[in-house]
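Data block below; observations after.
Worth saying up front: this structure is predicted, and the values here are computed from it rather than measured. The first residue in the sequence is number 1, and the count goes up from there. Just follow the structure's listing: the first ligand is 1, and inside any ligand the first atom is 1.
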Amino acid sequence: MTTLASGHKASLLEGDEWTKLLEYFPNYKDGITRLSPGGWVFTKPYINFADRFYNFEFRKDDVLVMTWPKCGTTWTQEIVWTMRNNPDLDHPDADVAIMDRVPFMEGDIFSPGEDSTEAEQMPVSEMFKRLCPNADPRKGMSLQLAKALLDPRTLKTHLPFSLFAPSLLEKTKVVYVARNPKDTVLSYQHHHKLFKAQSFVGSLETFVDYFLEDKLVYGPYWLHLKEAWERRDHPNLHFVFYEDLKADIMSELKRLDAFLGTGLSHDQLVNVAKHTSFGEMKSRNNLFINKDMFKNEAIVNQDVLQKDGGFFRQGKSGDWKAKLTPELIEKMDKWIRQKCDFGISFK
Ligand code: A3P
């Protein structure tokens, strides 16, 4: 057991629970850790990075996009970055991978270990070489890039508030995105089937059970939401629903404009809406440094890619109505009533 700077205790999953998890998620074989309190679940390397996330030095011009996985992070990252840097669609770095412009703070917990041969083979982006000329990429590129990025930084995380220092909102602005859990779980299942590193090999029913029992990587979605919901009146927190972004992007961009203080014109907001639309982001497909990785069978399941789509899968709200059985809907509704009883209502 390891005690972290946040006060949480981290221990590795063991015994039956670990054996069972490996049956469904065989590629998490290097270890999974769970934190107490909270029950947050991460890949094993999180333990080595946790204190660096907790003590991360935020700057006053930073904007941190925070969500649980699959709630529309990538979309929001691109919206915020474009509003702050590229509202006239003429920025020279606009085609650089999103991950490079808006680093994924804890991305290194999914990277191969420092001494492995895979770490040697990881593609090193031009942005990393430019901003971190003396850094060793095998020590993890995401956090080093996040530190080295020039102001104004836009950063992304799936970590919850409680794993950052309590001063976070005093130091920086946070944009938090929530999504209906029924769509979130479907999108997360797709992610786990698409990417070989996650590689889920069970039924939808099993995946939903893992979600409802807080056992998926990142852990309890309800608690993640609750921590943000409780802070939603803080002037440095902007709380938004994926469904509202979908329903009325212009109104949401105006709200964001006021929060970020970007002062954009109507035409500039129209530019942002168009540039970050699902269709345009899907065709640019520049989330990752290496676009060709989607063709690599070792990284991406080609059958799932062909049948169900890639990272930019559907980009819709309400997919659950077609995909979840009445039994699963009932189970999820019960979970929502019991766990999400802090005032939030999903759209
Ligand atoms: P679906 O799997 O339901 O399509 P995240 O970025 O947090 O991983 O979230 C991914 C989800 O956001 C996926 O949902 C993805 O398709 C959707 N998404 C990505 N870009 C989008 C956009 N520009 N507009 C709407 N949805 C988008």
Consider only side-chain N and O atoms of H238 and K173, and report whether a donor and an acceptor are under 3.5 Å apart.
no
Check each atom of ligand 1 against the heavy atoms of K70 and keep those under 4.0 Å away; list them by number with element.
5 (P), 7 (O), 8 (O), 9 (O), 10 (C)
For atom 11 (C) of ligand 1, the protein heavy atom that lies nearest, with its residue and separation:
R179 NH1, 3.8 Å
Could you name the option among F312, F311, Y242 that has the heavy atom nearest to atom 17 (C) of ligand 1?
Y242
When only distance counts, is K316 in polar contact with ligand 1, meaning an N/O pair under 3.5 Å?
no
Closer than 4.0 Å to some heavy atom of T73 - which atoms of ligand 1 meet that?
5 (P), 6 (O), 7 (O)
I want to confirm something. Looking only at heavy atoms, which of W320, W68, Y188, W75 is nearest to atom 24 (N) of ligand 1?
W75
CG on N180 to CD1 on I336, rounded to 0.5 Å:
6.0 Å
Could you tell me whether Y218 and Y188 have their ring centroids closer than 6.0 angstrom?
no
Establish, yes or no, whether a centroid distance under 6.0 Å links the rings of F58 and F56.
yes
Ranked by distance from atom 27 (C) of ligand 1, the top protein heavy atom is F278 CD1, 3.7 Å
Can you tell me if Q77 has a non-hydrogen atom under 4.0 Å from ligand 1?
no
F200 six-ring face occupied by K193 cation (under 6.0 Å, within 45°)
no
Heteroatom proximity flag, H190 to ligand 1, N/O under 3.5 Å
no
Run the numbers for me: atoms of ligand 1, each under 4.0 Å from some heavy atom of S277, listed by number.
23 (N)
Considering non-hydrogen atoms of the protein only, which is the closest contact for atom 23 (N) of ligand 1, and what is the distance?
T276 O, 2.9 Å
If we number the atoms of ligand 1 from 1 as shown, the ones under 4.0 Å from a heavy atom of C71 are 7 (O), 9 (O)
Verify side chain to side chain contact (heavy atoms under 4.5 Å, CB included) between V65 and L155, making sure each step is shown before the conclusion.
CA-CA 6 Å; V65 176; L155 303 166; over 6 Å; no
Would you say P69 and ligand 1 have an N/O pair spaced under 3.5 Å apart?
no
Is the distance between the ring centroids of H224 and F161 less than 6.0 Å?
no
Side-chain donor or acceptor of S187 paired with backbone N/O of D183 under 3.5 Å:
no
Can you name the atoms of ligand 1, numbered from 1 with element, that are less than 4.0 Å from a heavy atom of M281?
23 (N)
Pair W75 + F278: ring centers closer than 6.0 Å
no
Within this structure, what is the CG-CH2 distance for the pair L223 and W68, rounded to the nearest 0.5 Å?
12.0 Å
Working to the nearest 0.5 Å, report the span between CZ of F294 and CG of L194.
6.5 Å
Under 4.0 Å from a heavy atom of T74: give me the atoms of ligand 1 that qualify, with their elements.
5 (P), 6 (O)
Identity and distance of the protein heavy atom lying nearest atom 13 (C) of ligand 1
S187 OG, 3.7 Å
Would you say D319 touches ligand 1, if touching means a heavy atom closer than 4.0 Å?
no
